[in-house]
Amino acid sequence: MTVRIAVLGAGVVGSSVLRLAGRSYSRFKLEEAAGGSFEIKRVLVRNLKKQRELPLPEGYATTDFAEILSDPEIQIVVSLVGDTEAELNYCLASLRAGKVVVTANKVMLAKYGPELFKAARQSGSALLFEAAVGGGIPFVDALISGRLAVNDITSVQAIINGTTNFILTKMVENGASYNDVLLEAQQLGFAEPDPSFDVGGQDAAFKLAVLASLTFGIWVDVESIHVEGITDVSEKDLWFATKLGYTIKLIASASRNSLDELDLWVAPALVKKGHFLASVGGATNAIMFEGSPIGSVVYQGPGAGGDPTAASVWSDIAKAARSILSNQAIPLPRFDQELEVCSSQNSESHYAIRVMVKDEIGVTRDVGGVFADAGISIDQMLQLDETKRDGEAEAVFTTNTAMRANIITAITQLKALPTCRDITSFMRVIQ
Ligand code: HSE
């Protein structure tokens with residue numbers, strides 16, 4: 001039996017998916033993984049006349065989704081449209097018609113996941129999305145029903161936006177300017193069409209919503225994630241981080257706090273050199289799970305790009321084909337655990353706070369007193385001669401684990417000190 005597939009969209013990822021199917025060695029690998037043969041029967045495009053690098057054979061492309069939906073031979077719909085609202089309609093209709101849907105659209109999943117999974121459950125079909133988070137890194141299937149699923153995961157910390165990691169890496173390693181590197185990321189094609197979605201932290205937040213939902217078994221609303229981007233990270237922040245033995249990364253984090261609530265945030269953080277995530281450079285993504293009994297495990301690889309993303313899409317197609325050929329249902333993720341999401345006030349972290357102070361006797365006592373009054377334990381303090389100017393100096397204090405509410409209180413009180421000129425930045429720290 002041959003499994004028939006429709007691909008919606010022939011953009012960057014869609015074209016890679018089609019190209020892989022056309023190569024004989026890839027085809028052999030795909031058929032081996034699928035456990036049978038397959039045929040891409042239709043491709044949905046917006047414009048039939050568009051000149052393409054990979055020409056679409058006659059009679060293969062269509063602009064009419066209804067032709068795909070009404071074709072009972074098509075059992076797998078691979079949705080790579082990109083436009084979230086249009087894609088939602090295609091995916092819901094396909095699921096309701098009993099077709100297995102494969103998608104890479106993180107925004108659609110994060111916004112409409114419950115509706116999509118409900119449709120899949122009701123019709124006995126399935127929704128697969130290995131490519132939606134971490135592009136080519138194969139971990140979603142492991143988390144839902146594979147080798148990771150037996151573990152009780154207590155924390156996941158990840159670099160899941162390639163653009164921001166590329167920018168921060170180049171700023172630190174080459175001393176490049178933020179604007180120049182952002183432009184380069186756009187030219188290389190991994191920044192979103194509107195790059196403020198990357199640098200503002202939203203891209204990582206949508207991915208974290210999906211990742212945390214799968215990891216902790218509750219449906220995570222993206223609105224419940226505390227999000228900060230990298231637009232306020234200055235060259236001075238990076239300089240201080242290096243002096244302290246850290247680097248700065250945009251981290252997406254989901255973990256249980258001491259009140260056993262789920263703490264969710266996306267923010268730039270100082271990551272200690274020697275920590276695995278500090279070594280992840282360029283546009284590479286990495287996802288680090290901590291849990292029991294597994295301990296610590298890391299997945300690392302390309303988070304974007306046509307071919308790596310197509311590899312994940314094809315692994316989903318192979319899984320879908322195998323389940324169709326063997327007449328076995330694909331397990332859907334469950335979101336029925338009892339776990340509250342914590343308020344950002346209860347979020348717990350180490351912090352680094354940079355303070356512009358008067359260069360005079362008693363300043364350290366004053367600042368230390370504020371931290372003590374707020375119940376915060378100081379870990380390290382650094383004041384460098386290079387920052388001394390006109391009777392003022394800049395110092396960084398790093399803390400042991402503290403509640404964000406206490407950090408905010410301390411910052412308010414530091415600002416009121418006669419010896420403190422300004423709080424120049426404060427950021428989370430990963431040890
Ligand atoms: N803009 C995204 C990134 C692409 O930079 O990671 C992959 O989702």
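Indexing begins at 1, ligand by ligand and atom by atom, following the structure's order. What you are looking at is a predicted structure, and each value in this text was computed from that prediction instead of being measured.
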Quiz item: Touching ligand 1 at all, Gly303? Heavy atoms, strictly under 4.0 Å?
Solution: yes

Quiz item: Quick one: OG on Ser255 to CZ on Phe216, what's the gap to the nearest 0.5 Å?
Solution: 6.5 Å

Quiz item: Counting each atom of ligand 1 from 1 as listed, which ones have a heavy atom of Ala304 under 4.0 Å away?
Solution: 4 (C), 7 (C)

Self-check item: Phe426 side, atom CZ; Asp237 side, atom CG - distance, nearest 0.5 Å
Solution: 11.5 Å

Quiz item: With a distance cut-off below 6.0 Å to the six-membered ring centre and an angular limit of 45° from the axis, does Arg23 pair with Phe28 as a cation-pi contact?
Solution: no

Practice problem: Below 4.0 angstrom from a heavy atom of Phe190, which ligand 1 atoms are there? Numbered from 1 as shown, please. | Solution: 1 (N), 2 (C), 3 (C), 4 (C), 5 (O)

Quiz item: Have Asp307 and Ser16 got a donor and an acceptor in their side chains that come within less than 3.5 Å?
Solution: yes

Quiz item: Does the N or O separation between Ala191 and ligand 1 drop below 3.5 Å for any pair?
Solution: no

Exercise. Please say whether Thr163 places an N or O atom under 3.5 Å from an N or O atom belonging to ligand 1.
Key: yes

Practice problem: List every atom of ligand 1 that sits less than 4.0 Å from any heavy atom of Lys106, numbering the atoms from 1 in the order shown and giving each element. | Solution: 8 (O)

Quiz prompt | Heavy-atom pair with the smallest gap, counting every atom of Phe65 and Ser94 | solution = CZ-OG, 3.5 Å

Self-check item: Straight-line distance of Met171 CE to Glu235 CD, nearest 0.5 Å
Solution: 5.0 Å

Quiz item: Are any side-chain N or O atoms of Asn285 and backbone N or O atoms of Gly301, one a donor and one an acceptor, separated by less than 3.5 Å?
Solution: no

Exercise. Starting from atom 2 (C) of ligand 1, locate the nearest protein heavy atom and write down its residue, its atom name and how far away it is, to 0.1 Å.
Key: Glu192 OE2, 3.2 Å

Exercise. Please indicate whether any nitrogen or oxygen in Gly162 is less than 3.5 Å from any nitrogen or oxygen in ligand 1.
Key: yes

Quiz prompt | Atoms in ligand 1 with a heavy atom of Asp198 nearer than 4.0 Å | solution = 1 (N), 2 (C), 3 (C), 5 (O)

